[in-house]
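Written below as structure tokens is the structure these notes are about.
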Amino acid sequence: MVGASTLSGCIEEYEADIPDDESNVLVVEGTICSGELNKFYLSRTQGLHSSYAPRMEMRASVSVRGTDGSEYKAQATEDYYSCQIGQLAPDVEYYLHIETADGEIYESEPQKPLRTEKIDNVRGVQYTEGSDIDILVTPEAPLESDQVHYYTWSYNETWEVHPEYTTFVYYDTEKMTAVDTVGMFPERGWKDAIGMTILVGASTNYDGQHIQGLKLYDIYRGDERIFHRYSGLVSQRAISKAEYEYELARLQASSEMGGLFTPLPSALPSNIRCLTSHKSVVGFVGCTLNVARYRFFLNSYDYSVYRPYHGDTRLWLENCTDEDCLRMVKHGLYLCDWQDERMMGGPLKTAWAYDYQLDVRLRGAYTQEPDFWKLKGNVSY
């Protein structure tokens, strides 16, 4: 069984449909994780007719505490509270402690950190020439094959982009001719994206409780992400059954968008309680001993990729004059092709393009090659 949610942090997708009597409820989300920079998001729900966007809960005191007396105090940033946590003890229970500016105290349920298996593989599968590319994950076999295991996955993406056209010449306005050039525009670049889908899965229907080939997301075969080389970094975290049920309920709330059977925020399952009053609270704080990561690569030549044909959109001048070239430069175009047959009594033929057709940086790409791009194969962390 698998569920997907487009919520990335603070339940913003369905807060607009919260009735007025369910407004101003504290929303808490985050994960206590060993050896990571832990981020905790605190905000308040808004009423149905509110025109204000949810904002971070300010002036709160936030810390991670352990039943062994350990404490990690979080610092506030513009969007979240964060603290760096070292190695968690597997036999100690940890919880999030929050003191808000109105004097209320909230705590998540103490829980021992869950150990996460490594990811065995992540692969891209295209079942037919015309289908999209499915990204499938397989965790390593769990140690307990007689127990149901629950996971959540997230992913980051990086892909290589090339310019629409390349040029190795430019027009010298003083010499009034084409001049060879190298490196005027980058030959390639890279783009990054954070996957906006959070997925959860359970091993219930798998032999030996071992999830195999579970679909995380897909890539349209006509997407620029798959035109050259693509890399994804998948993060996997073991979660409790309670957190799994919370994520599924949040999925239902976001997909139904205020429908008749959508649970109110206070009805969503949660492991956080207010200790000083009966105030409601929304959210869930998980606890994990480690996060498993897997970097994989896809190459366009391994798939049936669809590249829409747009024709040659460069501006061609069949009988070009020096005045025409100067006019092109004045209008911000760059020389791409120079076919000069004037010495043989023929014409000068030129092709011109705009900078955004030649420079991937103008399409949102960066040109510093990522360190991992030199890897020849997939890597499990």
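Just so you know, these numbers use all the heavy atoms, side chains as well, and skip hydrogens, waters and symmetry mates.
In this structure, the side chains of Phe40 and Val64 come closer than 4.5 Å at one or more pairs of heavy atoms. For the pair Leu358 and Cys336, the minimum side-chain heavy-atom distance is below 4.5 Å. Side-chain contact between Glu93 and Lys112: present, with at least one pair of heavy atoms (C-beta onward) separated by less than 4.5 Å. Asn378 has its side chain within reach of Phe297: a pair of non-hydrogen atoms, C-beta onward, lies under 4.5 Å apart. Looking at Glu36 and Thr288, their side chains never come closer than 4.5 Å, going by heavy atoms from C-beta outward. Put simply, the side chain of Ser300 does not reach to within 4.5 Å of the side chain of Phe227, judged on heavy atoms. Using a 4.5 Å cut-off on side-chain heavy atoms (C-beta onward), Thr116 and Gln236 make contact. Ser63 has its side chain out of reach of Cys83: every pair of non-hydrogen atoms, C-beta onward, lies at least 4.5 Å apart.
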Starting from the C-alpha separation in whole Å, work towards a yes-or-no answer on side chain to side chain contact (heavy atoms under 4.5 Å, CB included) for Val25 and Ser280. CA-CA 6 Å; Val25 174; Ser280 299; 4.1 Å; yes
Should Leu233 and Ser231 be marked as a side chain to side chain contact (heavy atoms under 4.5 Å, CB included) after you check the CA-CA gap, both sets of side-chain angles, and the distance that decides it? CA-CA 7 Å; Leu233 179 63; Ser231 179; over 6 Å; no
Between Tyr155 and Trp153, does the ring-ring contact (aromatic ring centres under 6.0 Å, His included) criterion hold? Intermediate values first, please. CA-CA 7 Å; Tyr155 61 94; Trp153 294 274; over 10 Å; no
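Neither side chain, Asn290 nor Ser34, offers a donor N or O lying under 3.5 Å from an acceptor on the other. In this structure, a donor-acceptor pair under 3.5 Å is absent between the side chains of Tyr334 and Gln357. At a cut-off of 3.5 Å, with distance as the only test, no side-chain donor of Arg361 or Thr367 sits close to an acceptor on the other residue. Under the 3.5 Å distance criterion, with hydrogens and angles disregarded, no donor-acceptor pair is assigned to the side chains of Gln126 and Ser304. Using modelled atom types, one finds a donor on one side chain and an acceptor on the other under 3.5 Å when comparing Asp192 with Tyr366. A donor atom on one side chain and an acceptor atom on the other are found under 3.5 Å apart for Tyr165 and Thr313. Residues Gln147 and His149 have side chains that never bring a donor and an acceptor to within less than 3.5 angstrom of each other.
Looking at Asn121, its side chain never comes within 3.5 Å of a backbone N or O of Thr138 through a donor-acceptor pair. Remark: side-chain polar atoms of Thr152 are paired, donor with acceptor, to backbone N or O of Leu199 under 3.5 angstrom. Side-chain N or O atoms of Tyr94 include one that pairs as donor or acceptor with a backbone N or O of Ala89 at under 3.5 Å. Although no hydrogens or angles enter the test, the distance criterion places a donor-acceptor pair under 3.5 Å between the side chain of His210 and the main chain of Pro139. Ser270 contributes a side-chain N or O that, together with a main-chain N or O of Gly283, makes up a donor-acceptor pair within less than 3.5 Å. Not one N or O on the side chain of Ser203 forms a donor-acceptor pair closer than 3.5 Å with the backbone of Tyr206.
Around atom CZ of Arg342, more than 12 heavy atoms belonging to other residues, nucleotides or ligands sit under 6.0 Å away. Arg327 CZ: more than 12 foreign heavy atoms inside a 6.0 Å radius. Remark: Asp146 CG is packed, more than 12 non-hydrogen atoms of other residues, nucleotides or ligands lying under 6.0 Å away. Heavy atoms from other residues, nucleotides or ligands lying under 6.0 Å from CD of Glu129 number 12 at most. Counted within 6.0 Å of CD on Gln368, heavy atoms from surrounding residues, nucleotides or ligands total 12 or fewer; the atom is thus considered open. The neighbour count for Asp371 CG, taken as heavy atoms of other residues, nucleotides or ligands under 6.0 Å away, does not exceed 12. Atom CZ of Arg115 is surrounded by 12 or fewer heavy atoms from other residues, nucleotides or ligands within 6.0 Å.
Residues Trp373 and Ile226 fall into different hydrophobic clusters, defined by Ile, Leu, Val, Met, Phe, Trp and Tyr side chains chained together at heavy-atom separations under 4.5 Å.
A salt bridge does not link Arg229 with Glu160: none of the charged nitrogens is closer than 4.0 Å to a carboxylate oxygen. No salt bridge links Arg237 with Glu247; every basic N to acidic carboxylate O contact stays at or beyond 4.0 Å. Ion pair Arg188/Glu369 flagged as a salt bridge, since at least one NZ, NE, NH1 or NH2 atom sits closer than 4.0 Å to an Asp/Glu carboxylate oxygen.
Minimum heavy-atom separation, Tyr151 to Ala238: CD2-CA, 4.1 Å. In terms of heavy-atom proximity, Ala178 sits nearest to Tyr171 at N-CD1, 4.3 Å. Closest of all the heavy-atom pairs between Arg44 and Leu26 is NH1-N, 3.6 Å. The two residues Tyr170 and Leu335 have their closest heavy-atom pair at C-CD2, 4.0 Å.
Ring orientation note: the planes of Tyr244 and Tyr150 are tilted relative to one another, at an angle of 30° to 60°.
Separation of atoms CG (Asp120) and CD1 (Ile211) is listed at 12.5 Å; rounding is to 0.5 Å.
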